[in-house]
Every structure is written in structure tokens, then in C-alpha cells.
Amino acid sequence: MRTHRSRGSARSANGSTRGGRAAVRRGVALAVAAFVALPALAGCDTTAVDRDRVNAAVAPTFANLYVLQQQLRGRKVAAATLKARADCARGTGPNASTRGAGDDWTCTLSWFNAGPAVTATANYQLHVKPDGCYTADGDGPSDLNGTPTLTASDGATVTNPLWRFDGCFDIS
Amino acid sequence: MTALDVRPATPVAARGGTLVVYRWETAKLVRQVRTRLVALACVVAPFLFAAALEIQTTTPQDTLFGRWVHDSGFAVPLVVLGFAGQWALPALTSVVAGDIFAGEDRHGTWRTILTRSRSRAQVFAGKTLAALTYAVVVTVLLGASSLLAGVLVVGRQPLVGLSGTLIGPGHATALVLAAWASALPPVLAFTGLGLLLSVAGRNGALGIGGPVVIGLVMQLAAMVDLPVPVRTLLLSTPFAAWHGLFADPPFRGPLLWGALVSAAYLLVSVGGAYALLRRRDITGG
């Protein structure tokens, strides 16, 4: 009796099961359509990741972290006086581009180190994800971003904020 | 009620019937070993995670804020949130939502409960509210526990935000709580998917596993550089909406869109689940 009343008999010959199967079929069709459509859409140049957004996100983030790093080393600077600029691009040679997510972005940061006359630069390799978050990996000079930790002015070993850093920008 | 299924509800049943079902369902959930284990895991797991991070020098670098877990306790709840949004929260909420209707199929008890003095709509509303309450409780427990674990194990140091600015302890606490609150809409949307699959599939395994698989497929799709409107419609996107809170200046557009998209998923799946349940013929089982 108990097995008889369970699903087996309930499923046979009633409208809701047919409705359920139709819903499942619709769902599968939709999923297949999505899988066909997504790569096609991705092929179009509709990315929200472009050079202007990357530049605008990386430069102030670097400046703020530079201030933090100098503070740890016992030197006081203000982010605004650095006037940091980022020049980012994607790939090299004939494949160079200024758009799209990828781990082949590179950035050159430049800022005024000691007064408006002295310009300093640093390099970063960027992995920019499609959701607008990126990871910047320091690529020289090594005393700035070459080591994961640094020795603070009080002698403690602390995380080097400029070794690698994360950030996000608005893609909407 | 359809024309086929007119059951004159007595005034007593109409009044507070949903509340009675809700109380009964929550009482059942509180006594289940499964839900108790999930609640316990939500409270204990963040402390184990924070302790495990403390005793080793490496950091989870591939996650946002992962580099800062030794420097600020506020990084811990954000790393947990980053992991949880990928599959843990959809899975935790589906454990209940995916089984709350299918359980009646498994035990063959639909005829028993629907011939009592509660209408089908009241049973549906009560069970749905119970599953949504459970989803909120689990998210709050996990969020509060990870914040506590970070603050108690690592400390209340200022946090480096996503634009390199230092965020003080008070502000960081508020932002962490806001970030966890922003996970509630997509968690409730996944609860809705679990309820829909629970009704449609009549199978607890489908109801519990289905939302997790849907979440993972959407994660895969989000790895492609999709157009922003398509990306906005994915249910994995709202789980990342909190990133904007930690930028300087903060951007909150993704939070609004995440809430709207999640609400749409929730309404459509709960509406679909109700339509299916309303039309179901239970006389055979």
C-alpha cells in the first residue's frame, strides 16, 4: 500500500507531470540556446574592459598604495602630489590591443617622486577579469615592487602593498 | 485555486492558516539533524578557516583581500564571502529549499496534509516562507561568524580597500556587514530556484543539486567576457556586487541591479512553483 501511494502512481497520466516534462524540455532548449548564443555574443566586441577604465582604476590605486608603502618606510607623501598616471595596454606586437579581459595586460606607472622635476616609473603585469576586478603583479623596479614583504621603519617585516595588489572598477 | 480544484476554505483556515503552516515547518526545520549540522558548520567553519590561516604563512592570493588576511581581521569575512558566493551559499540554502516540497513526495504525505483544513495556497506560502527564513538565518550566521572570527583571531587593524585606501575599523565593520547583506538577494533567488525544482522535480536530489549546478554553470559563463547586460542577468553577478563598496569612490550600481535581478528570479521561480503545485493532482498519491 505504502509503495503504491508513493510517486509511481502519482506520476502516471496526470496533467501536472506532462506540464512538468514540457517545462523540463523548455528548460533544456533554453540552456542549449544559451550555450550556442554565449560564445557568439562573446565573439562580438562587447567587452566592458577597456584601456581608459583600466588606466583610471590602476593609477589612483597605485598612488594610494605607494603612499602607504612610503609611510611604512617612514617617509611622508601625499597621494595628490604624486600625480600618478597609468599607461596600460594589452598584449604585445601585432596582437596588441586596448580592450578585453585577459592576463596579458601590462601597465607603466609614472609619478612625480620628489617635486615636479623628478619622474619615477614602475611596471606591472595585470590580469584583468571580465567582472572588472584585476590583479597587478609588480615587474620592477625591485626595491619598489619586487618582494612580498618589506622592512618597516620600526624594523618589523610587513606586507609590501606594492608587490601585488587587487582592485575593481565599475563595468556597468 | 483553479476551477478544477475548488475547495471552500473555512473562515478559520483562511485566518492565519499560512502562519500555522509556517510555524509547523520552522519547528520541523529546527529539529532536523541536517539543518542543525548546517547551522553548526556556519558558525564553526569561519573560525577553523581563520585559525588555519593564522598557523601558516601563505595566503589565499587568488581571492580578493586574500593577501591581507594576516594584516587585517576584516579581510577574513570578505575572503569567506568570495568563496561562499561561488557555490557554498547556493548549496546551503538548497539543502532545505530543494527538499521542502519534494520531502512530501518522498514520504507520500501530500494527500494527508492537503486534506486538512489548510488550503494548498496556505501550505505553499508557509513552506516557502520557512525556506526563505532558513536562507536568511544561514547567511546571517555565516556572515556574523566570519566577521567575529576575523576580528577575534586576526584583529581590528585597518583594511586596505580596492582602491588602495585605508579603511578604519569602524567603517570596515559597516562595509563588511553591508557586503554580507548584499549576498541576501541572490541567496533568496537561489532559494526560489530550489523551491521550483523541488516542486517540479518531486525529487530532493534535483532540488538540492539543481541550484548548485545552475550556479556553477553561471559562474562558468561569467568567466567569458560577456556583454554587460547579459552578465547582469546572471545570478552569479549579484554575489560580486559588494566589490564596489570597497572602491574609492564607491560604486553601488551593481548592488541595485543585483537586487533587481535576484528579485526577478525569486518572483518567477516562486510563481512557477506555485502554478505547478496548484495544478497538481494529488488524489493518486
Side-chain angles (χ1 to χ4, degrees), chain A residues 2-17 19-20 23-24 27 31 34-35 37-39 41-42 44 46-49 57 60-68 71 79 99-102 129-133 135 148 158-159 161 163-172, chain B residues 4 59 61-68 70-71 105-108 110-111 160-166 196 199-203 214 217 221-232 236-237 240 243-244 246-248 251-254 257 272 275-285:
Chain A
R2 174 123 181 97
T3 46
H4 177 70
R5 16 157 94 196
S6 69
R7 305 206 317 235
S9 60
R11 300 207 86 149
S12 59
N14 69 50
S16 70
T17 306
V24 168
F35 267 101
L38 287 185
L41 283 169
C44 308
T46 48
T47 178
V49 176
T61 306
F62 173 83
N64 288 328
L65 291 170
Y66 181 79
V67 170
L68 189 64
Q71 221 169 1
R99 302 174 61 78
K129 280 177 269 177
D131 64 353
C133 288
T135 301
V158 293
T159 304
W163 179 54
R164 281 179 190 161
F165 61 87
D166 295 301
C168 292
F169 53 89
D170 194 1
I171 56 166
S172 59
Chain B
L4 289 171
T59 52
Q61 300 226 353
D62 49 352
T63 318
L64 285 179
F65 293 102
R67 242 180 297 288
W68 297 107
H70 294 309
D71 300 279
D105 286 297
R106 194 170 60 243
H107 300 300
W110 273 119
R111 198 163 61 173
V160 176
L162 293 176
S163 295
T165 45
L166 273 183
L196 175 62
V199 172
R202 306 185 182 190
N203 183 329
I214 292 173
V217 167
M223 285 180 183
V224 182
D225 208 349
L226 293 171
V228 172
V230 180
R231 171 173 290 279
T232 306
S236 52
T237 310
H243 296 162
F246 291 84
D248 181 31
F251 51 93
R252 299 185 180 88
W257 279 110
L276 284 177
L277 187 69
R278 200 179 58 168
R279 285 183 183 82
R280 183 182 290 186
D281 176 12
I282 55 132
T283 50

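Chain A is the first sequence line, chain B the second, and so forth, proteins listed ahead of strands; every chain is numbered from 1.
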Rounded to the nearest 0.5 Å, the CG atom of A/Leu68 sits from the OG1 atom of B/Thr165 at a distance of 10.0 Å
Heavy atoms of B/Arg67 and A/Arg164 approach each other most closely as NE-O, 3.3 Å
Smallest heavy-atom separation, B/Pro254 atom then A/Ser172 atom, equals CD-OG, 4.4 Å
Closest heavy-atom pair, B/Phe251 versus A/Phe169, reported as atoms and distance to 0.1 Å, is CZ-C, 3.5 Å
Rounded to the nearest 0.5 angstrom, the OG-CG distance for B/Ser163 and A/Leu65 is 9.0 Å
So CD of A/Gln71 and CG of B/Leu166: to nearest 0.5 Å the spacing works out to 7.0 Å
Note: vs chain A, highest number of non-hydrogen pairs under 4.5 angstrom among B/Trp257, B/Trp68, B/Phe246 is B/Trp68
- Item | Salt-bridge present (B/Arg231, A/Asp131; N to O < 4.0 Å) | no
Under 4.5 Å to a heavy atom of chain B? For A/Cys168 that would be both
So, the part of B/Thr63 with a heavy atom under 4.5 Å from chain A: the answer is backbone
Heavy-atom closest pair (B/Leu64 atom, A/Cys133 atom, distance to 0.1 Å) is CD1-SG, 3.8 Å
CD1 of A/Ile171 to OG1 of B/Thr232, rounded to nearest 0.5 Å, is 7.0 Å
Here the gap from A/Asp166 atom CG to B/His243 atom NE2, rounded to the nearest 0.5 Å, amounts to 9.5 Å
Looking only at B/Thr59, B/Val228, B/Thr237, B/Val199, most heavy-atom pairs under 4.5 Å shared with chain A are made by B/Val228
If one checks every heavy atom of A/Pro60 against chain B at 4.5 Å, the contacting part turns out to be backbone
Given B/His70 and A/Thr159, is the side-chain contact (heavy atoms from CB on, under 4.5 Å) satisfied, shown in steps? CA-CA 9 Å; B/His70 294 309; A/Thr159 304; 5.8 Å; no
Margin query: Please check: side-chain N/O of B/Asp225 versus main-chain N/O of A/Gly100, any donor-acceptor pairing under 3.5 Å?
Written below: no
